[in-house]
Amino acid sequence: MTKKLVLVDGNSIAYRAFFALPLLNNEKGVYTNAVYGFTTMLLKVLEEEQPTHMLVAFDAGKTTFRHDTFKEYKGTRQKTPPELAEQLPLMRDLLKAFNIPYEEVENYEADDIIGTLAGLAADTGWEVKIFTGDKDLLQLIGENTEVALTRKGITNVDTYDLKALDEKYGLKPEQIIDLKGLMGDSSDNIPGVPGVGEKTALKLLAAHGSLEGVYENIDAVSGKKMKEKLVENEEQAKMSKKLATILTEVPLALKPDEVPLGEKDTEKILKLFRELEFQSLVDRVDPEGKSGGEEELDGIDVKIAEKLDESMLISPSALVIESLDENYHTAEVIGAAIANENGVFYLSPELLWSSPEFKEWAADEKKEKIVFNAKRAVVGLAWKDIHLEGITFDAQMASYLIDPGASSHEMAEIAERRKGRQVHRDEAVYGRGKKQQVPEEEILAQHLGRKAAAVLDVKPDLEKELKENEQLELLTELEMPLTVILGRMERHGVAVDKEELAKLGESLTERLTEIEKKIHDLAGTDFNINSPKQLGEVLFEKMQLPAMKKTKTGYSTSADVLEKLQNKHEIIPEILHYRQLSKLNSTYIEGLIKAIHQKTGKIHTRFNQALTQTGRLSSTEPNLQNIPIRLEEGRRIRHAFIPSEENSFILAADYSQIELRVLAHISQDKNLLEAFRHDMDIHTKTAMDVFEVEKEAVTSQMRRQAKAVNFGIVYGISDYGLSQSLGITRKEAQSFIDKYLESYPGVRDYMESIKEEARQKGYVTTIMNRRRFLPEITSRNFNQRTFGERTAMNTPIQGSAADIIKKAMVDMDEAMQKAGVESVMLLQVHDELIFEVPEKEIKQMSRLAAEVMENTVDLDVPLKADVDYGKTWYDAK
DNA sequence: TTGTTCACGC
DNA sequence: GACGTACGTGAACAAA
């Protein structure tokens with residue numbers, strides 16, 4: 001078998017990784033982004049290349065033999081950032097654990113080590129592949145040698161062999177140094193010939209072969225200026241070529257034979273991964289989960305309960321109710337565990353369902369329960385007619401509030417990060433996907449018992465952290481009560497008119513068939529319109545329409561691209577219409593019908609209360625927070641959402657401009673405060689300010705643009721985002737933003753100070769002390785940093801609005817109980833609440849909803865809620 | 001199964 | 001000037 005040597009330019013890859021990834025750090029504050037990127041690249045190389053031999057080369061000291069030639073070599077290089085420098089030793093530790101040889105040689109660069117070994121190996125007929133981010137190394141390409149250049153990110157590479165190099169540049173490997181000699185390299189401070197860039201250099205080399213060739217034929221060079229430049233800088237060019245030449249004769253003690261790829265030390269690697277918190281990489285080195293401490297965990301004493309007795313049902317106790325299917329509305333409970341000062345107990349489902357003692361204990365709100373994911377437990381039991389009350393602490397919610405951006409809020413992770421009993425990952429116990437199954441009782445009892453015990457262990461730590469962050473109230477007064485309300489809403493479900501959905505579906509299917517035929521006729525070929533690939537080929541190859549944008553995989557066929565082609569061909573509007581209707585049919589008609597619950601005939605969504613980075617809720621299976629409303633055709637879907645009781649109505653109460661009101665409050669901008677105090681139409685007001693016109697002179701076009709600007713402020717979009725949504729240039733978009741900030745100087749000040757605060761503290765907060773960490777705000781990567789800045793500006797606005805409506809839900813629930821109404825809260829859609837309301841309560845509830853929502857917090861501007869109702873959701877507008 | 005593209009809401 | 005640009009959910013397709 002031929003041997004294969006992989007050579008990695010360690011410094012180059014480390015740099016790439018460092019700048020490509022946000023500035024991650026582990027709990028101890030050690031930066032890890034470059035190590036992470038470096039490691040993912042290593043894993044990919046090992047998997048894909050299967051080398052027999054391998055070496056990672058590093059640069060040694062500051063000066064090399066090249067500095068003897070040119071002392072300013074790499075003179076413009078900025079010093080290695082300390083955040084990266086501290087990561088380099090970690091990379092070596094990992095290489096040791098992987099048993100991958102690495103090398104650095106005093107006075108030489110990594111390039112030269114690579115060049116030397118590559119030469120030796122290729123000469124003896126080995127296959128050689130080099131990984132780097134530095135184009136210089138292309139000069140090493142040969143019959144047996146390929147160079148992989150990092151493209152985007154770190155693991156994306158372009159591989160060059162002789163043919164690819166010729167196709168791309170029309171060059172042979174040895175001409176790369178001639179190229180550098182002519183054009184120079186600013187990053188290495190190699191001067192080259194001033195005025196000669198890549199284009200010119202390639203042209204010269206195509207004509208004359210080499211740098212020397214150019215000078216031998218200097219008279220043949222066209223352009224007087226160019227000739228002068230070349231002549232003037234001949235020495236410099238030749239020196240540049242020399243600098244760019246990679247040495248293939250480094251006095252190395254090493255021969256290719258001496259760098260065999262060793263057997264990796266999985267234990268050691270996993271230990272490092274744990275320290276660095278590279279959870280996502282664990283599977284890739286240890287797919288079977290053989291090591292990694294899974295069976296290192298001490299056995300704990302879990303009693304498998306035959307029957308329930310009082311010692312198990314005390315207060316406080318940690319309670320775990322386990323079900324495997326994500327969807328707890330339909331999942332089977334597979335077991336439960338209770339942990340308290342009397343011990344740890346496993347309870348089988350049969351025992352749970354058959355014992356009145358459990359039911360009674362569960363329903364007793366004075367019996368304090370501590371859980372992990374309260375809503376899952378509450379709703380899971382509710383389906384079995386067991387009321388779970390008295391939950392005082394949810395470890396998952398606590399973890400989410402402490403850091404919504406944490407990589408995971410599963411129990412194993414929470415336990416690992418805090419001092420507490422360690423817990424196996426659910427996936428390790430139950431498997432995943434198709435292979436997921438309930439283990440034998442002994443193992444299940446251990447796992448659940450361990451979880452319950454860990455919940456108990458971890459509670460004081462989490463509570464302490466929350467207290468320090470002044471977030472305990474956020475948990476106990478807002479999120480925990482809200483969990484109960486959401487659980488009830490989910491279990492209650494929303495009634496739908498299945499026949500109405502079916503009817504809409506039939507009409508859609510009919511129309512889709514028609515449009516499909518029309519499109520096929522216009523295209524002159526039958527193809528799958530839903531396939532972006534096929535559609536792209538038909539439009540941009542067969543029909544030769546101008547392609548505006550490309551995606552990774554081909555032509556972009558997104559709506560904004562197609563809209564620009566509207567007038568080019570009559571097929572375009574048909575495709576857009578087809579897309580629209582097909583979306584309605586598959587996602588909404590078919591999706592909603594599939595989601596109707598067998599037993600209740602209603603739709604039971606799940607609100608995820610511990611997911612979004614801003615504090616908003618999300619909704620799944622089905623998502624009832626994105627039911628169409630903007631276009632009439634889609635809006636009709638709302639006809640199918642109906643009250644579950646006769647003589648009831650759907651009532652919708654939505655906040656008017658809550659985010660901008662919140663902005664007025666936090667920024668204290670005088671102009672914005674005034675606008676809301678006078679209850680002005682905010683988009684018109686913004687138009688007046690941005691375009692400097694009187695109210696009467698605001699055109700609908702101006703108002704539309706102003707609305708987009710406000711939208712941008714609320715959602716933290718960039719000038720680019722604004723330009724896209726308005727179809728204007730980025731410059732124009734930026735000038736709108738500038739104009740806006742001029743008109744609202746208080747907002748500008750707020751934006752500046754919140755960014756500074758984020759840089760100082762590393763996080764931002766909402767009015768109710770919700771947090772979001774923004775480590776990327778100090779990143780040197782432009783994208784990462786500006787993203788962090790926009791997030792810093794936006795999260796307090798969006799997150800505070802989320803806080804407010806959550807509090808309104810808690811207050812509303814209380815007010816409804818106090819009023820003794822039969823009305824039920826059904827849904828929350830970020831800034832609106834949906835209820836079903838008996839006819840006799842319409843007036844009362846309309847008043848109550850507005851009253852509660854408007855007064856749930858006291859801001860420096862009034863809050864406004866609009867209420868409407870009707871026989872269906874469609875009519876409640 | 002996993003990633004990509006597209007589209008819906010706020 | 002590069003980089004690739006609000007978040008979240010879900011469907012269909014295409015490539016593993």
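Just so it is clear, the structure is predicted and the values come from calculations on it, not from any experiment. Residue numbers begin at 1 in each chain, while the letters A, B, ... track the order of the sequences.
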Does A:Arg730 reach a base, just sugar-phosphate, or nothing at all? Heavy atoms under 4.0 Å. base
By nearest atom, which of the nucleotides C:dA6, B:dA7, C:dC3 is closest to the A:Asn783 side chain? C:dC3
Starting at atom CD1 of A:Ile834, determine the distance to atom C1' of B:dG9, rounded to an integer number of angstrom. 12 Å
As a test of reading the structure: which of C:dA11, C:dA6, B:dC6 is closest to the side chain of A:Thr587, going by heavy atoms? C:dA11
Mind checking the CD1-CD spacing from A:Ile589 to A:Glu500? Nearest 0.5 Å is all I need. 8.5 Å
Return no unless some side-chain N or O of A:Arg630 is found under 4.0 Å from OP1 or OP2 of B:dG9. yes
Of the listed nucleotides (B:dC10, C:dT5, C:dC3), which one gets closest to any side-chain atom of A:Phe782? C:dC3
Would you say A:Ser718 places a side-chain N or O within less than 4.0 Å of OP1 or OP2 belonging to C:dA6? yes
Using the six-membered ring of A:Tyr328, assess whether NZ or CZ of A:Arg376 lies under 6.0 Å from its centre and within 45 degrees of the ring axis. no
Closest to the A:Thr612 side chain, choosing from C:dG8, B:dG9, B:dC6: C:dG8
Output the rounded distance in Å from CZ (A:Phe527) to C1' (C:dA14). 17 Å
Honestly, is A:Lys375 close enough over A:Phe607, meaning NZ or CZ under 6.0 Å from the six-membered ring centre and within 45° of the axis? no
Which nucleotide in C:dG8, C:dA14, B:dC8 has an atom nearest any side-chain atom of A:Gln613: C:dG8
Parallel, tilted or perpendicular: ring planes of A:His604 versus A:His597, cut at 30 and 60 degrees: perpendicular
Taking the minimum atom-to-atom distance to the side chain of A:Gln534, which one of C:dA12, C:dA14, C:dC13 wins? C:dA14
If only side-chain N and O atoms of A:Asn623 are considered, is one of them under 4.0 Å from the OP1 or OP2 phosphate oxygen of B:dG9? no
Measure the distance from OH on A:Tyr720 to C1' on C:dA6 and round it to the nearest whole Å. 14 Å
Given B:dG9, C:dA14, B:dC6, the nucleotide with the shortest approach to the side chain of A:Lys533: C:dA14
Among C:dG8, C:dA15, C:dA6, which is the nearest nucleotide to the side chain of A:Phe787? C:dA6
Of the nucleotides C:dG10, C:dG4, C:dA14, which one has an atom closest to the side chain of A:Glu621? C:dG10
Could you tell me how far apart A:Asn585 (CG) and C:dG10 (C1') are, to the nearest whole angstrom? 14 Å
Which base, if any, makes a Watson-Crick or G-U wobble pair with C:dA2, both distances under 3.5 Å? none
Parallel under 30°, tilted from 30 to 60°, perpendicular over 60°: which one fits the rings of A:His409 and A:Tyr400? perpendicular
Looking at A:Arg616 and C:dC7, is any side-chain donor or acceptor paired with a base atom of the opposite kind under 3.5 Å? no
What distance, rounded to whole Å, do you find between the two C1' atoms, one in B:dC8 and one in C:dA2? 33 Å
Selected nucleotide, minimal atom distance to A:Arg790 side chain, candidates B:dC8, C:dC13, C:dA6: C:dA6
Is the phosphate of C:dT9 approached by A:Ser618 (side-chain N or O, under 4.0 Å from OP1 or OP2)? yes
A:Ser619 vs C:dG10: side-chain N/O to OP1/OP2 distance below 4.0 Å: no
Taking the six-membered ring where the residue is Trp, are the ring centres of A:Phe736 and A:Tyr740 under 6.0 Å apart? no
